[in-house]
Structures are given as C-alpha cells and as structure tokens.
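The structure appears right after this line, and notes come after that.
In what follows, every chain begins at residue 1, and chains take the letters A, B, ... in the order their sequences are listed.
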Amino acid sequence: KAGVTQTPRYLIKTRGQQVTLSCSPISGHRSVSWYQQTPGQGLQFLFEYFSETQRNKGNFPGRFSGRQFSNSRSEMNVSTLELGDSALYLCASSLWLAGGSYNEQFFGPGTRLTVL
Amino acid sequence: SQQGEEDPQALSIQEGENATMNCSYKTSINNLQWYRQNSGRGLVHLILIRSNEREKHSGRLRVTLDTSKKSSSLLITASRAADTASYFCATTGGGADGLTFGKGTHLIIQP
C-alpha cells in the first residue's frame, strides 16, 4: 500500500501571498488531519476532514482553511502569509474511529514552507 | 496548546543500553500514542495504549500508562543507532480536537 503523499515537499513564498498544499491519504482512509510543526510551538492540530466535511478544527486563524474531495484527497490553504507561518506542515490519514477518538495516524513526509 | 510534556528533552546513551522517556499530560484521555520522527520528516506511529490499559509491548518497545498520575513512559530496550530520533507522546480525548502532542524527547544513540 502506498503511504501518505504530500506535495510540494518544499515551498518558498513571500509575505502576503497565499499557498495551497496537497495531501493524498492512504487508499481506504477517509479521515485526513493537518498539523503544523514549528520549533517554538511544536506540533499543533490544524483541522480534520472526514467524508468531505470538516469534523474538527484547532485554534488557528481563519487564514488557514482546508477542504477534502470525494476521493479523500485534501488540500489546505493559507492566505495572506506571515513570517510566522514558516513551518513543516504534516498531513495524516487514518481509518475513522467511532466515539470521537483518534486511532493510529499515518503521516506524510510534510511540506516545508518558508515565508520570506 | 501542548498537553503532553516529555521528559527528558534530550537523552544520549550508548548503543545497547535501554532508553526511557516519560510523558505527562493534563486532562483525561481516550488513548495515548507514541510517535517517532527522524530529522524533521514525517512521524511514524509506534504504539497506542488505551486509557483502560496499563502496559503494552511491541517488539523492543514497552509503554506504561498511569492515569491516576496522568503519565506514561516509553522504554526502548537494546537501543540501536537507528533509534536516534525525536519521540513524541500524543493524547486524544479530554475535549481536545485532534492529537495533542508533547514537545518531544530527542534521543541520540552513540555507537
């Protein structure tokens, strides 16, 4: 089975621009989550999508948004980029687990975004 | 916000020795998971322990969970150079959305 893939792997943008990151989950996984990793704040949950619906959202400003397509592929978008948005953005897929908990997450290699 | 706090932040041991990392958390949980990350790449799931379990084994890994102390430990036995990585605990539940990660323990195995 192919793993989680993320594109692009590296991205350099300037302040004020917007960016779209893409994630393809493992075949059969319908839950896709996004995380931001920075040296200062560590790993932080952005949002989770299941069956094209946002199921959970972390504490990030509205500049961060996402969506999921019918084939479970997901994109996240960051508008009006700030220097502090420089981070490793990780996507994870999993099988849906009833009861509101999270099962084993399969992470992609990440997209390293640098904002200049 | 960070729920889990790993201890120590960094650990350097000789190959063949055992490595123990601890994780403390603040709220009630459904389960606790440990992940490994090599050099800023993606995370790899190691083991999951549910809130009603006290101990779990997987190969050279042993995880314990003490919900009364809100803490967990990860033991890696007979360490190898390839175990050099950052290790994170992550909790689910307690009203939080998604996985809540700790800051991680950076483990270095000296050959």
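Distance alone, capped at 3.5 Å, is enough to place a donor-acceptor pair between the B:K103 side chain and the A:G40 backbone. A:Y35 contributes no side-chain N or O that, together with a main-chain N or O of B:F101, makes up a donor-acceptor pair within less than 3.5 Å.
Residue A:R15 places its CZ atom among 12 or fewer non-hydrogen atoms of other residues, nucleotides or ligands, all under 6.0 Å distant. Residue-environment remark: CD (B:Q9) stays at or below the threshold of 12 foreign heavy atoms within 6.0 Å. In this structure, A:R63 places its CZ atom where more than 12 heavy-atom neighbours from other residues, nucleotides or ligands lie under 6.0 Å away. Taking a 6.0 Å sphere around CG of A:N59, one finds it holds 12 or fewer heavy atoms contributed by other residues, nucleotides or ligands.
Placement of A:M76 and A:Y10 in two distinct hydrophobic clusters is found when ILVMFWY residues are connected by side-chain heavy-atom separations under 4.5 Å, directly or transitively.
To the nearest 0.5 angstrom, A:E104 atom CD is 7.5 Å from B:Q33 atom CD. Distance check: B:L99 CG to A:L43 CG gives 9.5 Å after rounding to the nearest 0.5 Å. With values rounded to the nearest 0.5 angstrom, B:R41 atom CZ is found 11.5 Å from A:L88 atom CG.
With no hydrogens or angles considered, a side-chain donor-acceptor pair links A:Q37 and B:Q37 at under 3.5 Å.
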